[in-house]
Amino acid sequence: MSTTKAAATVADETLVAFVYNEARLVDEKRFNEWYELFAEDGRYWIPLTRNQPEGRLHTSLMYEDKLLLRVRIDRLGSPNAFSQIPPSWCQHVLQRPEVEQRDAANGFYVLRTPFIYAESQGDRQDIWAGVAWHRLSWLNGGLLIREKKVELLNCDGALPSLQLFP
Amino acid sequence: MDRYRAHPERIRALVAPNQVHRDVYIDPELFELEMERLWPRSWLYVGHDSQVPAAGDYLTVDLARRPVIMVRDGDGKVRVLQNRCSHKGAKVVQASSGNCRGMFRCPYHGWTFKLGGELRTVPLRAGYTGTGFDQSSAARGLVEVKNVAVYRGFVFARLSEEGLSFEDYFGGSLSSIDNMADRSPLGRLEYAGGPLRYEHDCNWKIFIENLNDTMHPMVAHESSAGTARDLWRDVPEGTPKPMVIELALPFVSSYDFYDKMGVHTYPNGHSYSGVSFSIHSKYSTIPEYETAMETAYGAERARAILGEARHNTVYYPSLTIKGAIQSIRVVRPIAVNRTLIESHTFRLAGAPDALLERSVMYTRLINAPTSIVGHDDLHCYRAIQKGLHTDGNDWVSLHRNYSTAESESPDGTWNGTSEISMRGQFRAWVAAMTQEAPQ
């Protein structure tokens, strides 16, 4: 992995601001900017079970690489995305992220962020809760998401449609 | 609320050969009657025996709203017990699965039951001496569901004493389960996780009908599969096709494709689409797997097994399977306008991981509460549930390719875009619904 000396100097505030900004881009539906936050091998993962070890041989709610994120984002702009009539809106409310792991030599950081997430559509509003784990790398002079894992409190419950990105 | 219970002729009038009255989807009394008359007489999917490999392993589910326990007994037999303490009626087992360590124990007064349901111990049993207890239903323990069948690991139960035998009920449709299990070089499926549990605020029949509705994918799924298709169009030629693209693209196949795919119907409401080929036919080969299949079955038989790529098979009314992708969906009705759909995946014993990877990915992409394909399906189901409350047109059309001859030959293959599978479901529905509730 190519890193630079600058990796060592990423301050907590910079990491925390990154996580706040990531949520804000989703809430403001700036999905193309959000997409650019992911590394080329980046993943967005919502496990189906508690302590799920991986997503390849075990069903998840989402286990999206950049191609799948692209499909989701492009579909949201399609007039034929019928389930988005009327459109969904979402709001993240984040607890201050904690830096759980800091590997400055390799420019790798892990942040843990408890959250409440609301998704509304028409007259309905669903409230979700959980913990988000951001695994970030300093690559090409900036931070990128290697993996965002969203552990939902009710991951194994009977769930309604979840259409945007907690 | 008593519009239908004592009036079988009114129920019969709801189902014409080529259309049905809207009440079948929106009337709460008809839903109650379905839970009393249709579902208990039907063979309902309970679980897979690989979920309970050892003695004492159990899982709990609701069958037509009745909680039951599926348990592996000490003699290796899989039993289904009504999940109701014989004392005060408490649901004895609350966990969704686990091992009961030789007995079930009620959390209220500590009565214990053997794996076959028999009453084992009662605290201070002397207090029941001479009370008539020994002759009562309380002393008999948990009620066992007597009619249970295990077919290639699939466990089904018929709750009522009366009804067709397992073989007569499913008949030739069991060939879809055979094909799913035969796809394992060892002829065996292993439960591999899930379930994805997706709340559907619609009637259960709207979901079931959609499984072999081949006229909706190119419309409802244009925004999901069509977007994937458009993205793939821009990729330089020769780029290896990712699994996700391979799974998504066939959804937006042409009307002609779906029509030529064919649908096969059986008596009692069962059917499968994808007789000649299906959206699963052109997945890339996995050489290691094909070799294992040829070693196990011989080249010709292996080709025959893998050449069957059925789309959805409906085991009316509770189960739908996708043998070619090793994924199943279980229908759990809750109310006239509420249904829980649970999706499970299986590993083909003796097959490489790549097969399970495909099953897991497909299930997630299509059946999850987070699926953009599922979102658009549910959007349409809801729209039906809502739209049927309008006045002025009481009828839901099932005319497509209807012919007066079809009711005499329910076992047959038809063009894939026919609505014959839905008409067959309603023939089974009206036959069960116009009888008294079984004992």
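- Ser161(A) and Arg382(B) make their closest contact through OG-NH2, 4.4 Å (heavy atoms, listed as atom of the first residue, atom of the second, distance).
- Residue contact with chain B, scored on non-hydrogen atoms closer than 4.5 Å, involves the side chain of Ser78(A) exclusively.
- For Ile245(B), the part lying near chain A is the side chain, with the backbone staying farther off; criterion is any non-hydrogen pair under 4.5 Å.
- Residue with the most contacts toward chain A among Asn367(B), Thr227(B), Leu365(B): Thr227(B) (heavy-atom pairs, distance under 4.5 Å).
- Taking a 6.0 Å sphere around NZ of Lys91(B), one finds it holds more than 12 heavy atoms contributed by other residues, nucleotides or ligands.
- Looking at Leu57(A), both its backbone and its side chain come within 4.5 Å of chain B, counting heavy atoms on both sides.
- Interface summary for chain A: among His375(B), Arg347(B), His344(B), Glu199(B), the most heavy-atom pairs under 4.5 angstrom belong to His375(B).
- Options Leu67(A), Leu159(A), Asp74(A), Leu164(A) differ in how many heavy-atom pairs under 4.5 Å they form with chain B, and the most are formed by Leu159(A).
- In this structure, chain A has a heavy atom under 4.5 Å from the side chain of Leu378(B), while its backbone stays farther away.
- Side-chain atoms of Arg56(A) never come within 3.5 Å of backbone atoms of Glu357(B) as a donor-acceptor pair (strictly under, hydrogens ignored).
- No donor-acceptor pair under 3.5 Å is formed between the side chain of Asn80(A) and the backbone N or O of Glu222(B).
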Query - Derivation and outcome, side-chain contact (heavy atoms from CB on, under 4.5 Å), residues Gln84(A) and Asp376(B) - result: CA-CA 9 Å; Gln84(A) 279 299 297; Asp376(B) 284 326; over 6 Å; no

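- Between chain B and the options Thr49(A), Leu68(A), Ile46(A), heavy-atom pairs under 4.5 Å are most frequent for Leu68(A).
- The heavy-atom pair separating Tyr198(B) from Pro160(A) by the smallest distance is CE2-C, 4.0 Å.
- The most heavy-atom pairs under 4.5 Å with chain A, out of Gly193(B), Ser224(B), Ala368(B), Ala192(B), come from Ser224(B).
- Looking at Pro195(B), the atoms closer than 4.5 Å to chain A (heavy atoms on both sides) all sit in the backbone: N, CA, C or O.
- When heavy atoms are compared at a cutoff of 4.5 Å, Leu61(A) approaches chain B by way of both its backbone and its side chain.
- Heavy atoms from other residues, nucleotides or ligands lying under 6.0 Å from CZ of Arg24(A) number 12 at most.
- Between chain B and the options Ala81(A), Gly77(A), Ser60(A), Ala158(A), heavy-atom pairs under 4.5 Å are most frequent for Ala158(A).
- In terms of heavy atoms, Arg72(A) sits closest to Ile372(B) at NH1-CG2, 3.5 Å.
- Heavy-atom pairs under 4.5 Å with chain A were tallied for Ser223(B), Ala220(B), Ser96(B), Pro242(B); the largest tally goes to Ser223(B).
- For Arg364(B) (side chain) and Tyr63(A) (main-chain N/O), a donor-acceptor pair under 3.5 Å exists by modelled atom type.
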